[in-house]
Engineer: 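Starting off with a structure, shown below.
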Amino acid sequence: MDETIRIQVNGEMKDWRGGMTVADLLRELEIATDRVAVEVNLEILDRTTFAEYRLRDGDRVEIMSFIGGGTLCIGEGTSMIALHG
Amino acid sequence: MTDDRLIIAGREFKSRLWVGTGKYKSFAETQKAIEASGADVVTVAVRRVNITDRSKENLLDYIDPKKYTILPNTAGCYTVEDAVRYSRLARAAGVSDLVKLEVIGDEKTLFPDTAGLIEAARILIKEGFIVLPYTNDDPIVAKKLVDIGCPAVMPLAAPIGSGLGIRNPYNLKILMESVTVPVIVDAGVGTASDAALAMEYGADAVLMNTAIAGARDPIAMAEAMKYAVWAGRLAYKAGRIPKKLYATASSPIEGML
């Protein structure tokens, strides 16, 4: 159960603690659970399942939120995208 | 103007100026500009959270979702799949079913891919989204979007960020006459007179980002836009005089020597 798992979070491959839930992951990354969307292997999770959803080796996780864009863009690969209203 | 409310899909909006939140120098500037604009709808993009630097502030710390309607967009999406995926993410992250749907067709012009737009809108409406589509100034496409259930349409005035103003006023007028839903002129506004003109033509609202954020003084421009939209709306409701080629005296002839 406590073996490490290798998962990709927002494009970044890293080792994490085995058996961890999405809520654990968000806590460790210091991301507040409100106003984020979490997608695991292209499936969007219901916010109410964050605490139960256990991550597995090889999972691809995307944690998304709202931004203004332009010079304030967050995350990789977004700086070249023209954003507007 | 307080009784002149804009209603879309049963929601009431106080302001007929909607603003984007991109391209500002700081969140503080974004906040001040939005306040000066008087807008109650602000658009945001959906992107990955920065997981390596959590010190970065969050836009929503500056724009209170209780005070403003947060309208997520699908900016940067070039395919139906991406636009649908980002819309679903926005709904999962947010509090409402509203989405400003963009399916971009081309990087250079950022013109909408209207075929893709209709397809994505159809999927999202079936899933219960309130789809506000960013579209071309094409009345036929606008009618199709309304037919499939869009409660408003958002035609462009000119390419995104171009500041060219209304490039095809006649198409926009035909579009406004062709649909029964609110029309929000979106993209291409350069300065206050462009916004006023859009409202004088009969637009129900104007959405802009670059014209404010890119101005030398964004906060002053935001205020200018507020008055421009008001003035344009009032002029539209007041009913302008017809244009004539020759003069008509406005002072009486009687009593002259």
Side-chain angles (χ1 to χ4, degrees), chain A residues 6-16 20 22-50 53 55 59-85, chain B residues 18-27 30 41-60 62-63 65 70-73 75-77 85-86 88-95 100 102 104 107 110 134 154 160-161 186-187 207-214:
Chain A
R6 199 159 174 76
I7 59 175
Q8 189 178 311
V9 182
N10 285 11
E12 230 173 275
M13 271 293 201
K14 236 180 105 179
D15 287 334
W16 295 90
M20 90 183 323
V22 168
D24 293 334
L25 176 68
L26 290 172
R27 201 173 306 117
E28 292 210 17
L29 291 169
E30 293 171 40
I31 296 169
T33 52
D34 56 333
R35 307 208 195 293
V36 294
V38 178
E39 193 189 72
V40 181
N41 304 328
L42 299 178
E43 201 162 301
I44 297 167
L45 302 188
D46 187 324
R47 184 185 304 281
T48 57
T49 64
F50 286 177
Y53 195 101
L55 293 162
D59 276 348
R60 285 191 54 185
V61 183
E62 296 290 350
I63 307 167
M64 310 289 283
S65 192
F66 298 123
I67 66 148
T71 52
L72 297 167
C73 69
I74 293 169
E76 57 174 26
T78 55
S79 58
M80 297 306 288
I81 297 169
L83 300 165
H84 82 298
Chain B
W18 295 8
V19 294
T21 51
K23 298 182 177 174
Y24 285 97
K25 289 183 208 76
S26 65
F27 285 146
T30 316
V41 179
V42 298
T43 63
V44 295
V46 181
R47 291 294 179 269
R48 279 175 168 167
V49 172
N50 187 335
I51 56 166
T52 45
D53 181 9
R54 294 303 306 141
S55 64
K56 287 232 174 88
E57 295 167 296
N58 190 314
L59 175 68
L60 294 187
Y62 285 82
I63 301 160
I70 306 294
L71 177 58
N73 64 30
C77 292
R85 183 183 181 193
Y86 274 74
R88 290 172 181 157
L89 284 165
R91 177 155 74 177
V95 285
K100 183 194 150 192
E102 300 182 29
I104 303 297
E107 214 167 313
L110 297 180
Y134 163 68
M154 310 183 78
I160 291 168
D186 178 10
L207 170 58
M208 63 181 79
N209 189 160
T210 310
I212 295 173

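The chains referred to below are lettered A, B, ... by the order of the sequence lines, with proteins before strands, and numbering in each begins at 1.
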Engineer: State, with a plain yes or no, whether a side-chain heavy atom of A:Glu12 is found less than 4.5 Å away from one of B:Thr52.
Structural biologist: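 A side-chain contact under 4.5 Å exists here.
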Engineer: I need the minimum non-hydrogen distance between B:Ala93 and A:Ala37, along with the two atoms involved.
Structural biologist: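 It is CB-N, 3.6 Å.
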Engineer: From the options A:Leu25, A:Val9, A:Val61, A:Leu26, select the one residue that forms a side chain to side chain contact (heavy atoms under 4.5 Å, CB included) with B:Ile51.
Structural biologist: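 With B:Ile51 as partner, side chain to side chain contact (heavy atoms under 4.5 Å, CB included) holds for just one option, A:Val9.
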Engineer: Can you see which heavy atom on B:Arg85 is nearest to which on A:Leu42, and at what distance?
Structural biologist: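 Closest approach of B:Arg85 to A:Leu42, heavy atoms only: NH2-CD2, 3.4 Å.
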Engineer: Identify which part of B:Leu89 has an atom lying under 4.5 Å from any heavy atom of chain A, answering side chain, backbone, both or neither.
Structural biologist: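 Contact with chain A is through both the backbone and side chain of B:Leu89.
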Engineer: Show the nearest heavy-atom pair for residues A:Ile31 and B:Val49, with the distance to one decimal.
Structural biologist: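 The pair with the smallest heavy-atom distance is CD1-CG1, 3.9 Å.
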Engineer: Quick check for you: to the nearest 0.5 Å, what is the distance between B:Asn50 atom CG and A:Ile67 atom CD1?
Structural biologist: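 Output value for this atom pair is 10.5 Å.
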Engineer: Chain A heavy atoms under 4.5 Å from B:Ala90: which part of the residue, side chain, backbone, both or neither?
Structural biologist: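 It is both, since atoms from each part get that close.
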Engineer: Which heavy atom of B:Leu59 sits nearest a heavy atom of A:Phe66, and at what distance?
Structural biologist: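 That closest heavy-atom pairing would be CB-O, 4.3 Å.
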Engineer: Which atoms of A:Ile63 come close to chain B, meaning under 4.5 Å heavy atom to heavy atom: side chain ones, backbone ones, both, or neither?
Structural biologist: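 For A:Ile63, backbone and side chain are both near chain B.
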Engineer: So for A:Arg35, is it side chain, backbone, both, or neither that comes closer than 4.5 Å to the heavy atoms of chain B?
Structural biologist: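 Both backbone and side chain.
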Engineer: Around A:Arg6, counting heavy atoms of other residues, nucleotides and ligands shown, do more than 12 lie under 6.0 Å from its CZ?
Structural biologist: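 Yes - once you tally the heavy atoms of other residues, nucleotides and ligands closer than 6.0 Å, there are more than 12.
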